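Throughout, numbering of the chain's residues begins at 1 and tracks the sequence. Note that the coordinates shown come from a computational prediction; the quantities given were computed from them, not determined experimentally.
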Amino acid sequence: MIKEAEEKLEVTLPSSYINILREQNGGYIRFDSYPSKVQTTWADDRIPADYFLGIGKEGGILESQYLIDEWGLSQNIVIISGSGHSWIALDYRYKGEEPPIIYVDMENEQIFELAPDFDSFLKGLYIEESSIEDSYDPQEEREWTKKELNTALSSSDEQEIISAADYLCEHSKGNEQFIKERIIELLQSPNLEIKQLAANYAYHFKEMGTFSQNGIKEIISVLRRDDDLDYYVDMYFDEV
């Protein structure tokens, strides 16, 4: 898969990036921030970097050219993280191997270097404690009702969906069927970012043992029918 991706992208991927993919082929990471001296739409002093894209038959880093064309980004970059209007990318414009890591923000028309190479970028990642405090809501400790969970998971508010899904991660026992049904509904959302969010939660619930084998089959079937999500199967799920 690595060889095929490199041939399609016409690049040599950094060795440290490949080593990470061998441990986990894309997904969320604990060290979620990178320091920045440049103010962005996200913060004054940091860049969010809470997940890496992996390699699938389609999608993941192979979506780089699609995003380049869609947003008018610079050629010869490989996007490894980000969504919406901002991304973190490997910058092959001036270097063919072990390229620097750049941040691209189309809303602010920003593009600047974060690290001289991927290994340095990894070493600079840290856990942003203040982001946990800022996002903390005492309401999260309450006992959600099924009606409240349904309302949150049916909304177009990503933060509401995350809060409800996080609650279900802590209270999955006895809610397995409910979780599976809500995840499948979210995977069919017209909003791409919500679909991707649901695909990541589907992986987490699968790892927790929340889904039965038949449940996993249903989720894989939904992912396979969607060109935007098909690569999640190759990254996260074993065909059953």
Side-chain touch [X]/[Y], heavy atoms, less than 4.5 angstrom:
| X | Y | value |
| --- | --- | --- |
| K8 | L62 | yes |
| I88 | I47 | yes |
| Y51 | L53 | yes |
| F205 | K180 | no |
| T210 | N175 | no |
| L90 | V11 | no |
| K206 | I216 | yes |
| V104 | I102 | yes |

Please test S86 against M106 for side chain to side chain contact (heavy atoms under 4.5 Å, CB included), starting from the C-alpha separation and ending with a verdict.
CA-CA 6 Å; S86 59; M106 294 302 291; over 6 Å; no
As an exercise, state the distance from [atom1] of [X] to [atom2] of [Y], rounded to the nearest 0.5 Å.
| X | Y | atom1 | atom2 | value |
| --- | --- | --- | --- | --- |
| L122 | N19 | CG | CG | 9.5 Å |
| S74 | I68 | OG | CD1 | 8.0 Å |
| M1 | I18 | CE | CD1 | 12.0 Å |
| N150 | T145 | CG | OG1 | 8.5 Å |
| D230 | D226 | CG | CG | 8.5 Å |
| I127 | D50 | CD1 | CG | 12.0 Å |

Hydrophobic clustering (ILVMFWY, side-chain heavy atoms < 4.5 Å, transitive) - are L192 and Y201 grouped together?
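Different hydrophobic clusters.
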Applying a strict under-4.5 Å side-chain criterion to I, L, V, M, F, W and Y, I'd like to know whether I2 and I61 cluster together.
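Looking at the clustering, I61 is in the same group as I2.
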Is the closest basic N to carboxylate O distance between [X] and [Y] below 4.0 Å?
| X | Y | result |
| --- | --- | --- |
| E185 | R182 | yes |
| D91 | K95 | no |
| D45 | K37 | no |

In terms of ring plane angle, is the pair F118 and F52 parallel, tilted or perpendicular, where the classes change at 30° and 60°?
tilted
Aromatic rings H204 and Y28: how do their planes relate, parallel, tilted or perpendicular, breaks at 30° and 60°?
tilted
Atom CD of E7: over 12 foreign heavy atoms under 6.0 Å:
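Above 12, so yes.
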Please check if the number of heavy atoms outside E113 that lie under 6.0 Å from its CD is greater than 12.
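For E113, atom CD is crowded (more than 12 foreign heavy atoms under 6.0 Å).
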Where is the tightest heavy-atom contact between [X] and [Y], given as atom of each residue plus distance?
| X | Y | value |
| --- | --- | --- |
| L153 | L186 | O-CD2, 3.1 Å |
| I219 | A202 | CG2-CB, 4.2 Å |
| A164 | A152 | CB-CB, 3.8 Å |
| C169 | M208 | O-CE, 3.2 Å |
| P116 | S120 | CG-OG, 3.7 Å |
| L187 | A199 | CD2-N, 3.5 Å |

Go through the steps for I179 and S172 under the test side chain to side chain contact (heavy atoms under 4.5 Å, CB included), then give the verdict.
CA-CA 8 Å; I179 291 169; S172 60; 3.8 Å; yes
Going through the checks in order, is the side-chain hydrogen bond (donor to acceptor under 3.5 Å, both in side chains) test met by Y167 and E143?
CA-CA 9 Å; Y167 176 84; E143 286 295 320; 2.8 Å; yes
Without swapping roles, check the side chain of Y34 against the backbone of G124 for a donor-acceptor pair under 3.5 Å.
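It does not hold such a pair.
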Under 3.5 Å, side chain of Q110 to main-chain N/O of Q39, donor-acceptor pair present?
yes
Among I55, L21, I80, which residue satisfies the side chain to side chain contact (heavy atoms under 4.5 Å, CB included) criterion with L13?
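Single pass found, and it is I55.
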Lys NZ or Arg CZ of K146 over F178 ring: under 6.0 Å, within 45°
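Checked: cation-pi criterion met.
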Between [X] and [Y], do the side chains contain an N or O donor and an N or O acceptor separated by less than 3.5 Å?
| X | Y | answer |
| --- | --- | --- |
| R46 | S33 | yes |
| D105 | Y103 | yes |
| D166 | S163 | no |

Tell me, with the steps shown, if Y232 and Y203 meet ring-ring contact (aromatic ring centres under 6.0 Å, His included).
CA-CA 9 Å; Y232 278 92; Y203 166 70; 9.3 Å; no
List the steps and the verdict of side chain to side chain contact (heavy atoms under 4.5 Å, CB included) for W71 and H85.
CA-CA 8 Å; W71 289 86; H85 55 76; 4.1 Å; yes
Pair L73, I79 - check side chain to side chain contact (heavy atoms under 4.5 Å, CB included), show working.
CA-CA 10 Å; L73 306 178; I79 294 170; 3.8 Å; yes
Just to verify, what does Y66 make a ring pair (Phe, Tyr, Trp, His ring centres under 6.0 Å) with, not counting sequence neighbours?
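Partners of Y66 under the ring pair (Phe, Tyr, Trp, His ring centres under 6.0 Å) test: none.
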Taking only residues two or more places apart in sequence, or in another chain, which ones meet Q75 in a side-chain hydrogen bond (donor to acceptor under 3.5 Å, both in side chains)?
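Counting only residues at least two positions away or on another chain, Q75 forms a side-chain hydrogen bond (donor to acceptor under 3.5 Å, both in side chains) with Q65.
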Given S221, which partner from the list R224, R225, K217 fulfils the side chain to side chain donor-acceptor pair (under 3.5 Å) test?
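It is R225; the other options fail the test.
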